[in-house]
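Values below: every heavy atom of this structure, side chains too, minus hydrogens, waters and symmetry copies. So that the names make sense, note that chain A is the first sequence line, chain B the second, and so on, each numbered from 1.
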Protein chains: 2
Amino acid sequence: MKSTSFKNHISVDCVIFGYNEEENKLEVLLIEQKEPSQNSSHPYVPQFALPGDLVNEEESLDDAAVRVLKELTHVEGLHLRQFFSFGDPMRVKQEKDIEWLKFYRSDPDARVITVSYYTLVRKEMINPEPGSFAKNVVWRNIKRVPPLAFDHNQIVKKATEDIKDRIYQNHIAHQLLPKKFTLRQLQNLYEVVLNTEFDKRNFVKRIKKDEELIPLAEKQKGVMHKPAQLYSFKMKKKK
Amino acid sequence: MKSTSFKNHISVDCVIFGYNEEENKLEVLLIEQKEPSQNSSHPYVPQFALPGDLVNEEESLDDAAVRVLKELTHVEGLHLRQFFSFGDPMRVKQEKDIEWLKFYRSDPDARVITVSYYTLVRKEMINPEPGSFAKNVVWRNIKRVPPLAFDHNQIVKKATEDIKDRIYQNHIAHQLLPKKFTLRQLQNLYEVVLNTEFDKRNFVKRIKKDEELIPLAEKQKGVMHKPAQLYSFKMKKKK
DNA sequence: ACAAAAGTGTTTTAGATACACCCATGC
DNA sequence: GCATGGGTGTATCTAAAACACTTTTGT
């Protein structure tokens, strides 16, 4: 009558999108896994992976995501959004991952269900440094994500789709631009996230419905063309 | 170095919305928990709950949702959509739930993370019958959902929000109306899911962009008013 | 004849799209 | 003076919303 008693590991994985304004690119934060001890009989090829790890006892999923991100990358203070859970029994059974699991998990054969989170942040606002089993942290263009550990490529893909659906909500640009910015900077951000291009006149008309843009008594300096007007945001009440 | 080894239970919960066309209501399928043996020192008050149970070893989350729904309600053949995971450590620690857990779980104190699914189905197309630890199955209007076990009220709420965001996608009406239907039937369905009302002229104009409606050589019969034209759907290619 | 819901079009408003030329600066 | 990107307005199209009277049936 009682339910069978096997249990699972629960992990969280974080997809941190970094907005690289200089090059107008979206990048994703990856860790490079530390190599297990080389005593193993199997060859080990270090892999890139999303920052993610097991959830602790008595810790909420949201809290775990924040903690794990901090432990592996020393990045904190971000608002992470849960978007999907991945639980295919085979997701931790691939050849490429078993050596790593053997070394880092007391029960390497255990099934792991992962709850995934993402956020979008201005790349230079965070300064990731490797921690825990991360040998290194790297940014990679989302258009050229390398093969990742486990099913992390699939997770990145789903996060990318999800963020597009939500960009026009929640004033996503507020954290991603400097306090003073030009309309071109704002447009670049939307274009790179949505992977498209807009007519600049039409773009401003649309964006002004969602954002109140305050023109400042200040202009761009040192550019080899007509200097752009600077703006700042004012929070608009939601409709 | 190795990760600590405690584990968790994983469950799935299913929010089955039933469209009751007669009364133009949306209802949610609940089970009534079987009472544990009365040997217990604690009083037990049977509760309503979503159909849900632990995921088996080697079973995908999607498969588990399908299986669990079948075991508890004998309902099968539905397409369930994953929408959110709930993992608050306290979600299985409330007084109201501990007696049930003690009886039905070999490890009643274990943490349970649940992955939630929903679907929307024509109520009379399924014939739920209780199974497993379900003493009974009942439909309840989504506007009057009783207090449920665990955090299931929260799960229902989130599913209700999510389904509204997606009703205009994926031809949701195709499974929910009879092969031959009137425009009023179609409009009623949208109105009850979105909890709103439309002007019938405007509604048809809008819906015709998503759905190709084929007028049949047949009319409603036996009604005490002008009989309505019957239609059927033709799948339109997505834009 | 009455009650009930079906059927039917036009006008107005708002949002989305398409489109091209002049301007201010650094070199 | 030239290269560079900034700044600007209008016309068109499409979608959404508001709105009321006539028709057909059963009783």
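With distances taken from any side-chain atom of A/Lys209 to the nucleotides D/dG7, C/dA16, C/dG7, the minimum falls on C/dA16.
Side-chain contact between A/Thr160 and A/Tyr118: absent, with no pair of heavy atoms (C-beta onward) separated by less than 4.5 Å.
The CD atom of A/Gln229 sits 10 Å away from the C1' atom of D/dG7 (whole-angstrom rounding). Distance, A/Phe203 CZ to D/dG7 C1': 15 Å, rounded to whole Å. Here the P atom of nucleotide C/dG7 and the CG atom of B/Leu213 are 12 Å apart, to the nearest Å. With rounding to whole Å, A/Lys208 atom NZ is found 15 Å from C/dA16 atom P. Distance CD (A/Glu197) to P (C/dT17): 14 Å, rounded to an integer number of Å. Computed from coordinates, the A/Gln220 CD to D/dT4 P distance equals 16 Å when rounded to whole Å.
Of the residues in residues 180-193 of chain B, B/Arg184 come within less than 4.0 Å of DNA chain C through at least one heavy atom, sorted by number.
Here A/Gln94 pairs with A/Lys96, A/Asp97 under the side chain to side chain contact (heavy atoms under 4.5 Å, CB included) rule; sequence neighbours left out. Remark: A/Glu23 pairs with A/Lys25 by the salt bridge (Lys or Arg N to Asp or Glu O under 4.0 Å) rule, at least two apart or across chains. Under the rule for a salt bridge (Lys or Arg N to Asp or Glu O under 4.0 Å), A/Arg206 has no partner lying at least two apart in sequence or in another chain. Checked against salt bridge (Lys or Arg N to Asp or Glu O under 4.0 Å), B/Glu129 has no partners two or more places apart in sequence or in another chain. With sequence neighbours excluded, the residues satisfying side chain to side chain contact (heavy atoms under 4.5 Å, CB included) with B/Glu76 are B/Lys70. Applying the side chain to side chain contact (heavy atoms under 4.5 Å, CB included) test to A/Val145 and every residue at least two apart in sequence or in another chain returns A/Val28, A/Leu148, A/Asn153, A/Val156. Taking A/Asp162 as the reference, A/Arg166 meet the salt bridge (Lys or Arg N to Asp or Glu O under 4.0 Å) condition, with sequence neighbours excluded.
Under the 30°/60° scheme for interplanar angles, the aromatic rings of B/His152 and B/Phe150 are found to be tilted.
Within the structure, every pair that satisfies the salt bridge (Lys or Arg N to Asp or Glu O under 4.0 Å) test and touches residues 137-155 of chain A, not counting sequence neighbours, is listed here: A/Arg91-A/Asp151. Sequence neighbours left out, the pairs with a member in residues 214-232 of chain B that pass salt bridge (Lys or Arg N to Asp or Glu O under 4.0 Å) are B/Lys180-B/Glu218.
Summary for the helix from C/dA1-D/dT27 to C/dC27-D/dG1: the axes at its two ends, each from 5 pairs, differ by 10° when rounded to the nearest 10 degrees.
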_How would you summarise protein contacts on nucleotides 19-27 of chain C per nucleotide, using B for base, S for sugar-phosphate only and - for none, with heavy-atom distances below 4.0 Å?_
BB--BBBS-

